[in-house]
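Everything on this sheet refers to the single structure shown next.
Every chain is numbered from 1 and lettered A, B, ... according to where its sequence line falls, protein lines coming before strand lines. On a predicted model such as this, the values are computed, not experimentally measured, just so you know.
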Amino acid sequence: MKPLALTKTIEAISAVFILLFIYTGITKLQAHKIFLITLTSSPLLSFASDFLSWAIPVVELIIVAALFIPRYRVTGLKASAVLMALFTTYIGYMLLTASKLPCSCGGIIKKLSWEQHLWLNVFLTLLALTAIYLQRRLKFLLQ
Amino acid sequence: MKSFKLGILAIVAGLALSAFTTVTKSQPQTVLLDPYYWYHVDLTQTETDGSTVNPSGLEFKSTFVEGDCMDDDDTDICLVGFSDPVPDGTPIPSDPAQIIRETENP
């Protein structure tokens, strides 16, 4: 793959995560009470529901800023991969262990079932990892 | 500037999407989003029967609609919800937002 094509691909993947995290971060902040109650009803996260109800959307918006600025894009992609991996692990754990699954997150994504949400998160985690790999390829080619 | 174009587009699209899916306070659907403590109903369909099915905390109506109500011919009301825990035998509320009927299940 040529350097220009690599750059464009990485930018496109970064744009996907910017769109995703802007949307999910803002909707979580707009419906903060509902998000807090959802976290409180989660057996795994209820102990830190108050902190997480603010931390998660704030982290998402910080990642947006990192992805937007080319200098910090790689950091943003790594953070995206970590966050998506954590979300995927949480959903996987809930599907395996919870007898009753609480309401999903807000907006368009809540129309997905928990299984669909899991597959979406797996895809997004792999997408972030792909972008990190391509960035390393680009760095190697430009040396 | 070129490297910011896609990013700006993504930010604008994300903001537009989040604005589109926001539930405003003026919409009546926000009432249905309130979580409750849910209770089974006795055979007379007038009072609660037993303790709450979600003692660990408030839960939304959507949590129960798909799973907990068996469709039998004897009863219609499956679960009723209250903002606070209530004792056994509490009269059921009249607000539809606080009632889950068996006919609501898929």
Under 4.5 Å between side-chain heavy atoms, counting indirect links through other Ile/Leu/Val/Met/Phe/Trp/Tyr residues: same cluster for [X] and [Y] or not?
| X | Y | result |
| --- | --- | --- |
| A:Val58 | A:Leu83 | no |
| A:Leu142 | A:Ile132 | yes |
| A:Leu67 | A:Phe123 | yes |
| A:Ile22 | B:Phe4 | yes |

Knowing that exactly one of B:Val12, B:Leu17, B:Leu15 qualifies, which makes a side-chain contact (heavy atoms from CB on, under 4.5 Å) with A:Leu19?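 That would be B:Leu17; it is the only one of B:Val12, B:Leu17, B:Leu15 passing the side-chain contact (heavy atoms from CB on, under 4.5 Å) with A:Leu19.
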Output for pair (B:Ile11 CD1, A:Phe21 CZ), nearest 0.5 Å, gives 13.5 Å
Taking every non-hydrogen atom, the tightest pair across A:Tyr23 and B:Ser18: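 For A:Tyr23 versus B:Ser18, the nearest heavy atoms are CD1-N, 3.5 Å.
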Between B:Ala10 and A:Ile18, what is the shortest heavy-atom contact and its length?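 For B:Ala10 and A:Ile18, the tightest heavy-atom pair comes out as CB-CG2, 3.7 Å.
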